[in-house]
S.K.: 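Here you go, one structure.
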Amino acid sequence: MKNTIYVLLVAFLTIPNLTAQDFSDIDKSPMDVTIIRNQNHSPMARVIYSRPSKNDRDIFGDLVPYGKIWRTGANEATEITIYNDMSISGQKIPAGTYTLYTIPNKTEWTIILNKNINVWGTTSNYDSEKDLIRIKAPARTAAATIEDFSMAFQPIDNGANLLMGWDDTYVEIPFKNAE
């Protein structure tokens with residue numbers, strides 16, 4: 001009987017260690033979402049993206065080269081859904097889902113909404129023939145280092161600004177409700 005209790009006790013203490021989950025390979029660039037709602041709480045726009053970390057690396061001009069198309073995050077290309085017709089810099093955007101690409105440069109970024117969705121990265125999947133719009137946005141210096149690539153909507157009159165920032169840089173894209 002003592003041996004049986006001893007065997008059960010040892011099994012009880014060691015089995016949890018054998019079945020414990022190992023999260024050491026968890027995604028280094030987790031997905032995130034930001035959403036902005038209208039005054040009646042209906043959705044205005046939503047962005048789904050992955051959040052790579054700085055990890056003591058030089059980001060813009062090095063990890064993310066200047067003048068080259070970027071998926072605007074990590075892993076899958078960033079996806080933006082516009083729930084009602086809107087405009088950016090006077091260019092109309094029909095309601096729908098688009099891929100959000102950027103071309104970072106030191107003083108300004110090119111912001112691209114592309115009709116090709118559900119794509120991984122940029123290199124082999126980007127098709128400029130499917131660009132809906134391209135606009136320029138000034139690159140600004142962040143007040144503090146942004147460790148993880150981040151996006152957030154900021155409400156403004158008749159729309160929202162989409163803020164995108166990483167390292168010491170951010171851009172602001174004004175989305176206005178279509179009139």
Side-chain angles (χ1 to χ4, degrees), residues 21 23 26-54 59-60 64 69-104 108-122 125-179:
Q21 297 299 314
F23 290 102
I26 200 160
D27 192 350
K28 305 283 190 256
S29 300
M31 293 197 74
D32 202 352
V33 64
T34 185
I35 190 166
I36 184 80
R37 295 185 179 278
N38 292 303
Q39 288 182 339
N40 66 2
H41 300 290
S42 65
M44 182 186 306
R46 177 189 72 191
V47 178
I48 300 173
Y49 67 105
S50 289
R51 300 185 64 189
S53 295
K54 179 172 168 45
I59 302 303
F60 297 108
V64 178
I69 192 136
W70 179 44
R71 62 183 148 194
T72 317
N75 304 329
E76 291 183 55
T78 295
E79 179 182 284
I80 184 166
T81 300
I82 307 296
Y83 292 93
N84 301 303
D85 293 351
M86 299 191 86
S87 67
I88 302 175
S89 296
Q91 295 187 49
K92 186 175 179 183
I93 306 163
T97 300
Y98 306 97
T99 299
L100 173 67
Y101 293 111
T102 52
I103 302 173
E108 72 178 6
W109 288 19
T110 300
I111 311 302
I112 303 165
L113 294 187
N114 186 281
K115 296 179 225 171
N116 192 17
I117 59 172
N118 301 317
V119 295
W120 182 267
T122 54
N125 296 307
Y126 174 70
D127 180 358
S128 63
E129 297 286 319
K130 295 187 178 182
D131 285 355
L132 177 68
I133 67 162
R134 282 182 172 231
I135 62 140
K136 303 284 186 180
R140 301 170 187 215
T141 301
T145 298
I146 305 164
E147 178 62 31
D148 298 309
F149 176 68
S150 300
M151 293 184 162
F153 283 107
Q154 174 189 53
I156 59 173
D157 285 342
N158 197 32
N161 286 330
L162 175 60
L163 304 170
M164 299 186 294
W166 195 16
D167 194 4
D168 62 353
T169 303
Y170 77 98
V171 295
E172 190 174 298
I173 304 123
F175 286 83
K176 296 281 191 172
N177 290 314
E179 305 201 6

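Source: prediction; values computed, not measured.
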S.K.: Output all residues satisfying side-chain contact (heavy atoms from CB on, under 4.5 Å) with Ala95, sequence neighbours left out; order by chain, then residue number.
M.R.: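 If we apply the side-chain contact (heavy atoms from CB on, under 4.5 Å) test to Ala95, skipping adjacent residues, the hits are Asp85.
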
S.K.: Can you give each donor-acceptor pair under 3.5 Å made by side-chain atoms of residues 138-154, sequence neighbours left out, with the distance rounded to 0.1 Å?
M.R.:
from: Glu147; atom 1: OE2; to: Lys54; atom 2: N; distance (Å): 3.4
from: Glu147; atom 1: OE2; to: Asn55; atom 2: N; distance (Å): 2.9
from: Asp148; atom 1: OD1; to: Ser53; atom 2: OG; distance (Å): 2.4
from: Ser150; atom 1: OG; to: Arg51; atom 2: NH2; distance (Å): 2.8
from: Ser150; atom 1: OG; to: Asp148; atom 2: O; distance (Å): 2.7
from: Gln154; atom 1: OE1; to: Asn161; atom 2: ND2; distance (Å): 3.1

S.K.: Are any non-hydrogen side-chain atoms of Tyr83 and Arg46 less than 4.5 angstrom apart?
M.R.: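 Tyr83 vs Arg46: side chains touch.
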
S.K.: Could you pull out all residues at least two apart from Asn40 that satisfy side-chain contact (heavy atoms from CB on, under 4.5 Å)?
M.R.: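 Scan of Asn40 (side-chain contact (heavy atoms from CB on, under 4.5 Å), adjacent residues dropped) gives Asn38, Ser42.
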
S.K.: So, the side chain of Ser50 versus the backbone of Asn75: is there a donor-acceptor pair under 3.5 Å, distance only?
M.R.: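 Pair absent, no side-chain N/O of Ser50 close to backbone of Asn75.
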
S.K.: May I ask you to decide if Thr102's main-chain N or O and Thr72's side chain share a donor-acceptor pair within less than 3.5 Å?
M.R.: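 Checked: pair present.
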
S.K.: Please collect all side-chain hydrogen bond (donor to acceptor under 3.5 Å, both in side chains) contacts where either partner lies in residues 86-100, sequence neighbours excluded, each pair once.
M.R.: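 Only Thr81-Thr97 qualify under side-chain hydrogen bond (donor to acceptor under 3.5 Å, both in side chains).
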
S.K.: List, one per line, each side-chain donor-acceptor pair under 3.5 Å for residues 109-117, sequence neighbours excluded.
M.R.:
from: Thr110; atom 1: OG1; to: Lys136; atom 2: NZ; distance (Å): 3.0
from: Asn114; atom 1: OD1; to: Asn116; atom 2: N; distance (Å): 2.8
from: Asn114; atom 1: ND2; to: Asp127; atom 2: O; distance (Å): 2.9
from: Asn114; atom 1: ND2; to: Asp131; atom 2: OD1; distance (Å): 2.8
from: Asn116; atom 1: ND2; to: Asn125; atom 2: O; distance (Å): 3.2

S.K.: Determine the minimum heavy-atom distance between Ile82 and Ala45, stating which atoms define it.
M.R.: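 Smallest heavy-atom distance, with atoms named: CD1-CB, 4.1 Å.
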
S.K.: With heavy-atom distances below 4.5 Å as the criterion, would you say the side chains of Arg71 and Tyr49 are in contact?
M.R.: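 The answer is no, as the side chains (C-beta and beyond) never meet within the 4.5 Å cut-off.
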
S.K.: Rounded to the nearest 0.5 Å, what separation is found between the CD1 atom of Ile93 and the CD1 atom of Ile88?
M.R.: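 Separation between the atoms: 3.0 Å.
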
S.K.: The test is side chain to side chain contact (heavy atoms under 4.5 Å, CB included); show your working for Val47 and Met164 and say whether it passes.
M.R.: CA-CA 11 Å; Val47 178; Met164 299 186 294; over 6 Å; no

S.K.: Can you find a pair of side-chain heavy atoms, one from Ile59 and one from Pro52, that are under 4.5 Å apart?
M.R.: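 No, too far: nothing below the 4.5 Å cut-off.
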
S.K.: About how many Å separate CZ of Arg134 and CD1 of Ile103, when rounded to the nearest 0.5 Å?
M.R.: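 It is 4.5 Å, given to the nearest 0.5 Å.
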
S.K.: Quick one: sort the Trp166 and Trp70 rings into parallel, tilted or perpendicular, breaks at 30° and 60°.
M.R.: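 Taking Trp70 first and then Trp166, their aromatic rings lie parallel (interplane angle under 30°).
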
S.K.: How many angstroms lie between atom OG1 of Thr34 and atom CD1 of Ile80, to the nearest 0.5 angstrom?
M.R.: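 Thr34 atom OG1 to Ile80 atom CD1 measures 9.5 Å (nearest 0.5 Å).
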
S.K.: If you compare all heavy atoms of Gly159 against all heavy atoms of Asn177, which two are closest, and at what distance to 0.1 Å?
M.R.: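 In terms of heavy atoms, the two residues are closest at N-ND2, 3.9 Å.
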
S.K.: Only counting residues at least two apart or in another chain, list the ones meeting side-chain hydrogen bond (donor to acceptor under 3.5 Å, both in side chains) with Thr169.
M.R.: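 side-chain hydrogen bond (donor to acceptor under 3.5 Å, both in side chains) check on Thr169 returns nothing, list empty.
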
